[in-house]
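Some notes on the structure that comes next.
Chain letters run A, B, ... following the sequence lines, proteins first and then strands; every chain starts at 1. Note that the structure is a prediction, hence the values are computed from the model and not measured.
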There are 4 protein chains.
Amino acid sequence: MTPEQILAHRYRQVRERSERLCLPLAPEDHVPQPLPEVSPPKWHLAHTAWFFETMVLAHHAEGYRPFDKRYAYLFNSYYESLGERALRAHRGHFSRPTVAEVLAYRAHVDAAMLQLLGHALPPALADLVDLGLHHEQQHQELLLTDLKVILGQNPLAPAYDPTHLSGVDLIAEHDGICPPLDEWITQHAGTYEVGHGGPGFAFDNESPRHAVLLQPVQLRAALVTNDEYRAFMDDGGYERFEFWQSDGWQWVHDAQARSPMYWRRSGEHGGRWVHYTLAGEQPVQGQAPVTHVNAYEAHAFCAWAGWRLPTEFEWETLAPRLNTGRRWEWTGSAYLPYPGFTPHAGNVGEYNGKFMINQMVLRGASFATPPGHARPTYRNFFLPAQRWQYTGIRPARPA
Amino acid sequence: MTPEQILAHRYRQVRERSERLCLPLAPEDHVPQPLPEVSPPKWHLAHTAWFFETMVLAHHAEGYRPFDKRYAYLFNSYYESLGERALRAHRGHFSRPTVAEVLAYRAHVDAAMLQLLGHALPPALADLVDLGLHHEQQHQELLLTDLKVILGQNPLAPAYDPTHLSGVDLIAEHDGICPPLDEWITQHAGTYEVGHGGPGFAFDNESPRHAVLLQPVQLRAALVTNDEYRAFMDDGGYERFEFWQSDGWQWVHDAQARSPMYWRRSGEHGGRWVHYTLAGEQPVQGQAPVTHVNAYEAHAFCAWAGWRLPTEFEWETLAPRLNTGRRWEWTGSAYLPYPGFTPHAGNVGEYNGKFMINQMVLRGASFATPPGHARPTYRNFFLPAQRWQYTGIRPARPA
Amino acid sequence: MTPEQILAHRYRQVRERSERLCLPLAPEDHVPQPLPEVSPPKWHLAHTAWFFETMVLAHHAEGYRPFDKRYAYLFNSYYESLGERALRAHRGHFSRPTVAEVLAYRAHVDAAMLQLLGHALPPALADLVDLGLHHEQQHQELLLTDLKVILGQNPLAPAYDPTHLSGVDLIAEHDGICPPLDEWITQHAGTYEVGHGGPGFAFDNESPRHAVLLQPVQLRAALVTNDEYRAFMDDGGYERFEFWQSDGWQWVHDAQARSPMYWRRSGEHGGRWVHYTLAGEQPVQGQAPVTHVNAYEAHAFCAWAGWRLPTEFEWETLAPRLNTGRRWEWTGSAYLPYPGFTPHAGNVGEYNGKFMINQMVLRGASFATPPGHARPTYRNFFLPAQRWQYTGIRPARPA
Amino acid sequence: MTPEQILAHRYRQVRERSERLCLPLAPEDHVPQPLPEVSPPKWHLAHTAWFFETMVLAHHAEGYRPFDKRYAYLFNSYYESLGERALRAHRGHFSRPTVAEVLAYRAHVDAAMLQLLGHALPPALADLVDLGLHHEQQHQELLLTDLKVILGQNPLAPAYDPTHLSGVDLIAEHDGICPPLDEWITQHAGTYEVGHGGPGFAFDNESPRHAVLLQPVQLRAALVTNDEYRAFMDDGGYERFEFWQSDGWQWVHDAQARSPMYWRRSGEHGGRWVHYTLAGEQPVQGQAPVTHVNAYEAHAFCAWAGWRLPTEFEWETLAPRLNTGRRWEWTGSAYLPYPGFTPHAGNVGEYNGKFMINQMVLRGASFATPPGHARPTYRNFFLPAQRWQYTGIRPARPA
C-alpha cells in the first residue's frame with residue numbers, strides 16, 4: 001500500500017469509530033450539555049468533521065464546497081484564527097443540525113477527504129491529516145466522558161450500551177484486577193531524557209526531547225484503589241482541612257464534595273457505595289482503581305496516606321515498568337512548555353500551546369482512550385478541579 | 001352525551017393537540033433549554049401528563065400504577081406540596097426519557113384517564129379534570145413560545161412547520177391587518193364590575209367578581225404597530241433614559257437591548273429589519289402589531305408617545321369593544337389578589353396565588369393561545385423583563 | 001418672619017440634624033458599605049449637599065463655584081439627567097473625601113444657600129429648596145438604618161450613641177408598649193378620597209387625590225408583636241412553604257432566613273432570642289412591634305395567622321384611628337402611579353416616578369423618621385426582599 | 001547584645017515601621033476594600049498583631065490575656081487550624097475596631113512581646129518570632145500595594161504621602177534609570193544548585209536546596225520598559241489573540257484590558273499616557289520599568305517581542321549578575337514544592353505549602369519590599385491574573 005492508501009485506511013477506521021460510539025444513543029442523547037465543560041455528542045461528531053473541512057479541505061481540495069457555511073460558526077471549538085464562534089457554554093442550546101444532518105455533513109467531508117487521499121500528498125499535508133485523526137481520537141474519549149455526564153446526572157441513570165453496539169469494552173471501566181499494593185518500582189537518581197524524539201506522531205507539546213535531573217523515587221505499581229480511597233473518606237478525608245491545598249479546600253466547600261464524582265450511597269440510611277458507570281449503576285469494587293477524582297482530591301489523598309503525586313518526568317521514565325493505561329494519572333507537574341517548545345505551524349498552532357497555564361499534567365491513558373492513541377510521552381492536561389475524565393492516583397514516595 | 005362523555009371528548013381533543021404541536025419537530029428539538037425560563041417541548045409533554053397522573057389518577061383511579069415513579073421528580077413544575085423536584089434550570093440536561101418514552105407515558109395516562117371518564121364523576125373531580133385541560137392549554141402556548149426560542153436562537157433559524165402538520169395558523173403570527181390607528185374607544189367614569197362571576201370555567205385568580213371605580217379613559221382600537229415602534233427606535237428610544245423606568249433602563253444596559261426580541265438587521269451595513277418567526281426569518285411588517293417587547297419597553301414606548309398602558313380593569317371593561325386576541329397586552333397593573341381572593345383547594349392551590357408578587361398582568365390572548373382558552377376576565381402574568389411571549393402594547397390616554 | 005426667613009430657619013434645622021446624627025460616630029464608621037443597598041454615612045452627608053449644589057445653587061445662585069467639580073460624579077445618586085456617576089455598589093470603596101472634607105463641603109453649600117435664602121425667592125425655587133429639605137430628611141432616616149447595618153453586622157456589635165449626642169430617642173426603637181391585640185378598627189364599604197390634595201408639601205407620588213372603592217375591612221390597632229412573630233417561628237413558619245409566596249420561599253432558601261434580621265440566639269445551646277439594636281444587643285421584648293421583616297415575611301406571617309396585609313388605601317383612610325408611626329408598615333399594594341400622575345418638573349422629575357415598578361408600598365413612619373416628615377398620604381416603597389428598614393406588620397381582615 | 005536583645009531591637013524596628021507607613025493616612029483610608037484581594041490597612045495592622053498574639057503569646061507568655069477575644073475571628077487571615085474567621089471579602093465591612101483601637105491592640109501585644117523577649121528563649125521560639133517579623137514585612141509591602149488600590153481607584157486620586165512621613169522612597173516607584181536595553185547576561189548549560197541552604201532565615205518554600213539542569217539561556221540586564229511596553233500596545237498587543245494564552249485572552253475580554261493597571265490617557269482626545277502612582281498621577285516615564293502587568297500580559301508581551309519569561313531557576317542562578325530589586329518579576333514557573341519539601345511545623349505550617357497550586361512564581365523584590373526582606377532564593381507567588389503588585393517583565397532568550 002502507498003502511504004496515502006495507508007492513511008486513507010486509517011482515516012476510514014478512525015472516522016467510523018466515532019460514529020460507532022454513537023450507535024447506542026437516542027437522538028435526544030446527542031443534545032444536552034449539563035456542564036459547561038461537557039460537549040453534546042452531536043457537537044463532537046460535527047466538530048471533528050469541521051476540523052478536516054476547515055484545516056484540510058478548504059485549503060487543499062480544489063473546488064471543495066462547504067456543506068453549510070454556517071457550520072464554521074457552530075463547530076469551531078477555540079480557534080481564534082478562524083473567526084467568530086458560538087459560546088462554548090451554549091453548545092447544548094442547539095437542536096439543529098439534527099444528528100441525521102450531522103451524519104450527512106460527515107459523509108460529505110469523508111467523500112472529499114477520501115478523494116484527496118486518493119492522490120499523492122505532500123508530507124506536510126499528510127501530517128495534517130494525521131493530526132486530524134489524532135484530534136478525532138481525542139474527541140472520541142471526550143465523547144464517552146461527556147456522555148457519561150449526560151447519562152449519569154440523569155435521575156434515570158440509563159446504561160450507555162446495553163446491546164454492545166459501540167465496540168467499547170465497558171467491563172474495563174470498573175473491573176477489579178490490580179497489581180499488589182505493596183509493590184514499588186524504584187528510579188535511581190540521575191539525568192534522564194524525556195519528551196518525544198522519535199519518528200512517529202506526537203503532539204507539539206511533547207517536544208523537544210530534553211534532559212531532566214531526577215532524585216531517587218519510588219512509584220507504586222498499583223494505582224490507588226477504591227478501598228484505599230474509601231479509607232480516606234472514612235477517616236474524615238473530606239472534613240479535615242490539613243490534607244488539602246487552599247484552593248482544594250475551597251472547592252470541597254463550594255462543591256459540597258464528599259466522595260468521587262458519580263458515587264452515592266444506595267438506600268436511604270447510608271447503605272453501601274454505588275457509582276454510576278456506563279453500564280449503569282454498579283457497586284463500587286474495592287480493588288479497582290479509584291476514578292473521577294480531581295487534582296485536589298488526588299493531592300489530599302496522598303497527603304493523608306503520607307505519599308505524594310509523581311512528577312510527569314518521574315512518571316515518564318518509569319512508565320515502562322508500571323501498570324498503566326487504565327486511568328489518566330494526575331501528576332504534580334503544571335502544564336508548561338518544554339525548554340525550546342515551538343507550536344505547530346499554521347492554524348493548528350493554537351492546538352496546545354495556548355493552554356499552557358493554569359492546568360496540571362496527567363499521564364497514562366484510560367479504557368476510554370482509543371487503542372493506539374496514547375504514548376509514554378503523551379501529555380494530557382486539565383484544570384485541577386475537573387474530574388469528569390477517567391482520572392486516577394499513582395502514589396510516589398522517596399526511594 | 002353525558003357530562004362525562006363531553007369531558008372525555010374534550011380531554012381527547014386537548015391532549016391530541018399537544019402532540020400535534022410536536023409533529024413537525026425532530027426528536028432533538030424536544031431537548032434544549034436555551035433560557036432558564038424556557039422549558040424543552042419534551043418537558044411540556046411530560047409535565048401535562050404528570051399533572052393528570054398526580055392530581056387525578058393517584059387519588060381517584062383505583063389500582064392506578066404510575067408509569068415510572070421517578071417521573072414525579074422529573075416533571076413536577078413547582079408544587080412544593082408534592083415533594084422534591086428537578087431544578088427548573090436543569091430541564092435541558094435530560095435526554096431521557098426520550099420523546100418516544102414520553103409519548104408512551106402520555107398514552108399510559110390517557111388510557112387510565114379515559115377509563116375514569118367512562119364513569120360518573122363527582123363534580124369536584126370533573127372540575128379538577130377540567131382544570132387539568134386548561135392547564136394543558138396553557139402549556140400548549142408555552143410550548144410554542146419556548147420552541148420559538150429554541151429555533152430562533154439557533155444560527156440556522158429553521159422554520160417550525162414547513163409542511164403544516166401542527167394545525168397552527170402561522171400566518172397570524174406576523175401578518176399585517178390592523179384597525180385604523182386613530183380610532184380610540186372611550187370609557188366613561190363610573191363603577192364597573194370586574195372579575196369572573198359566571199357559571200363557566202375560570203382560574204381562581206379571576207375571582208371574586210367585584211366593583212372598581214374607573215376614571216374616564218380611552219383605549220386605542222389598534223395595538224402599537226411595528227412601524228410605530230420603529231419610529232420610537234429611530235428616535236433614540238433605547239438611548240434616552242427619560243422614557244424608561246429605573247429598572248428598565250438597567251435592563252436595557254444589561255441586555256444591550258436595541259430592538260424587540262428576535263429582530264435583527266439583514267445584511268452587514270444596517271439593512272432593513274427582519275425578525276425570526278415560526279415561519280423562519282421574515283421582513284418586519286410595518287402594520288402588524290409589534291410583539292416580543294417586555295413591560296419596560298411597553299412603558300418606555302408609551303412614555304415616548306405620550307400615552308400610558310391601560311390598567312387591567314380599564315382593559316377588561318372595554319375588551320368587548322377592542323380588537324383583541326392577537327397579543328398578550330401588558331397592563332399597568334401589578335398581579336395582586338382580588339379582594340377576598342381564595343385559592344383552589346388542595347394541591348392545585350399552588351396554581352396561581354403564590355405568584356402574586358413581582359409580576360405584571362397581561363390581558364388578551366395571542367395567535368398561540370389555544371382556541372377557546374382565553375376570556376375577558378383572564379389574567380396572564382409575567383415578570384416585567386420577560387419578552388419571549390407574544391406580548392404587545394395597547395395605548396391608553398385620558399378621555 | 002418672611003417666608004424666606006422661615007425657610008432659612010428650617011434649612012438650618014434640617015441640615016444641622018444630619019450632622020448631629022453623625023456626632024457619635026468615629027471617622028471609620030462613615031466609610032463601609034456592607035450591603036449594596038446600604039450607603040456609607042459619609043455618602044449621605046455629601047449627597048444631600050450635592051442635591052442643593054446641583055439642583056439649586058448651580059442654576060440659581062449667581063457666581064456660585066462648586067466646592068469640587070469631581071464631587072458631581074461621586075455623589076450623584078441616580079439622576080441620569082445629571083451625567084455619569086460612581087456605581088452604587090462602589091460607595092464603600094472611597095476613603096476620600098474624608099469626613100472633615102465632607103463637612104467643609106456642607107459648610108460651603110450652606111453658606112451659599114443661606115445667602116440665597118436671604119433674598120426673596122420665586123415660589124418654584126422655594127418649593128425646590130423645600131423639596132431638598134424633605135429629601136435630606138429621607139436620607140436622615142436612611143443614614144440611621146444604613147448605620148445599623150454597618151454596626152450590626154460587625155461581630156463587635158457596638159452601640160451607636162452611648163453618650164446621647166445624636167438627639168435620637170433610641171428607647172423608642174425597641175420598647176414595649178402596645179394597644180390591646182384584640183382591638184380592631186372597622187372601615188365600612190364605600191367610596192373614599194385618597195392621596196394628597198391639600199396645601200402643604202407632598203411628594204409627586206402622593207397625587208392626584210382621587211376616589212377609591214373600599215370593601216368592608218378591619219385593621220388591628222396594634223402591629224404584630226415580637227411574641228406573635230415568635231409564635232409563627234416556633235410553629236415552623238420558616239419551614240412550611242404553604243404560607244409563602246413563591247419568590248418568598250426562594251428567598252428563605254437563598255438567604256437561609258430563620259428569623260427577622262438582626263435576631264440571633266444568645267449562648268451556644270439555643271438560648272433566648274436577642275437582637276442588635278442601635279443601643280447594642282438587647283433581649284427581644286415580646287410586646288414590642290416586630291421589625292426588620294420583609295414583604296415576604298409579612299405576607300407569610302399573615303397567611304399563617306389567617307390575616308392579610310391592608311392595601312395602601314385601607315391604611316390611608318383608617319390611619320387617623322390607628323396607632324401608627326412606629327414602623328413602616330408593609331401593604332399589599334404595589335407601588336404604581338395614581339391615576340393622572342405627573343412627575344415633578346425638571347431634573348427632580350426622576351425623584352419618584354421612575355421607581356414605580358417592582359416595589360411595594362409601605363405606609364406609616366418609624367422612630368427613625370425625622371419628626372414632622374411623614375403624612376398619612378406618604379408613600380414609602382421598597383423591594384419585597386428588603387428588610388433593613390424599620391418595617392412592621394399591620395393585620396387586616398374582612399369586616 | 002544577647003540574641004534576645006538583638007531580636008527585641010529588630011522587633012521594635014519592624015513593628016514601628018508598620019505604623020509609620022500609616023502615618024500619612026486619614027482614619028478613613030484604613031477602611032475600604034475595593035477589590036476582594038485587597039485588605040484595608042487597618043486589617044494589616046491588626047492581623048500582624050494577631051499573628052504574634054496567637055502564634056507566640058497565647059502559647060508561650062504565661063498569664064497573657066488577649067486584648068479582645070473576638071479579634072481572633074476578625075483578624076485570622078487563612079489559618080484553618082485556628083478556627084472560624086471573617087470572610088476575606090468582608091474585610092472592608094468593618095469600621096470597628098477603629099484605627100485607635102487597633103493601635104492600642106498593637107501596643108498591648110508589643111508590651112507582652114517585649115517582656116517575653118526580655119528573657120532567654122528556646123531557639124524554636126526565637127525562630128517563630130523571627131518568622132512573625134518576616135510575616136509583618138510581607139504585610140508592609142501588601143499594605144502599600146493595597147493602599148495604592150484604595151487611593152488609585154478613587155476619582156480624586158490623592159497622593160499617599162505628600163509630607164514624607166512614611167519613610168518610603170516614593171521616587172523609586174516610577175523613576176527612570178535603567179541598564180542598556182541590549183545588554184544580555186548569559187548562563188551556560190549545566191547543573192546548578194538552587195534553593196536556600198544557608199544559615200540565615202528563609203521561608204519553608206525555598207527549601208530543600210537541590211540541583212537543577214539548565215539549558216543555555218540569556219536574561220536581559222534591564223527589565224522591560226514603559227516605552228517597550230507601549231510599543232506592544234501601539235502594535236495592537238491587546239487586540240491580537242496570537243500573543244496570548246487562552247486564559248489570558250479571556251481575561252483581556254472580561255477585564256476590557258488595554259494597558260497596565262493604573263494607566264489612563266490624560267485629556268479627552270487620547271492624550272499622553274499618565275498613571276496613578278503613590279505620588280499622585282504622573283506622566284508615564286518611558287525608560288522606567290513597566291509595572292502592574294499580570295502574568296498574561298507578561299507572556300503576551302514576550303510572545304510579541306520574540307522572547308520568553310525566564311524560569312525561576314534561570315533567574316535565581318543569574319540573579320547576582322542582574323539589576324534586580326525594582327519589580328517582582330514574573331517567571332514561567334508554576335509555584336510548586338521543591339523535591340522533598342516539608343512545611344513549617346505547627347500552625348504556621350499553613351504558611352506557604354497549601355498555596356502550591358494555581359499560582360506562578362515571581363522573583364526579585366520591589367521598592368515596596370522592606371529593606372533586607374528579600375533574597376535571591378525568595379519565592380513570591382500570585383495568581384496569573386493579578387496585577388496590583390509591583391510586577392515587572394524580565395526578557396529571556398536562548399543563548
Handout entry: Heavy-atom contact with chain A under 4.5 Å, split by part of D:Pro398
Key = neither

Fill in the blank from the handout: Checked D:Met356, D:Glu350, D:Glu242 vs chain A; the most non-hydrogen pairs under 4.5 Å come from D:Glu350

Handout entry: Aromatic plane relationship, A:His139 with A:His44 - under 30° parallel, 30 to 60° tilted, over 60° perpendicular
Key = tilted

Practice task
Classify the ring geometry between D:Phe51 and D:His47 as parallel (under 30°), tilted (30 to 60°) or perpendicular (over 60°).
Solution key: perpendicular

Handout entry: Region of D:Leu336 in contact with chain A, defined by heavy-atom distances below 4.5 Å
Key = side chain

Exercise for the section: Decide yes or no for A:Thr311 and A:Glu316: does some side-chain heavy atom of the first lie under 4.5 Å from some side-chain heavy atom of the second? Expected result: no

Problem - Greater than 12 external heavy atoms within 6.0 Å of D:His253's NE2 - result: no

Practice task
Name the option with the most non-hydrogen atom pairs under 4.5 Å to chain D; the candidates are A:Gln359, A:His299, A:Glu80.
Solution key: A:Glu80

Handout entry: Distance under 6.0 Å and angle within 45° of ring axis: D:Arg397 vs D:Trp307
Key = no

Practice task
Decide yes or no for D:Phe243 and D:Tyr238: does some side-chain heavy atom of the first lie under 4.5 Å from some side-chain heavy atom of the second?
Solution key: no

Practice task
Under 4.5 Å, counting heavy-atom pairs only, tell me which of A:Ala295, A:Ala334, A:Ser81, A:Ser246 racks up the most with chain D.
Solution key: A:Ser246

Handout entry: Residue D:Tyr296 versus chain A: region with a heavy atom under 4.5 Å
Key = side chain

Handout entry: Contacting moiety of A:Trp244, where chain D heavy atoms sit under 4.5 Å
Key = backbone

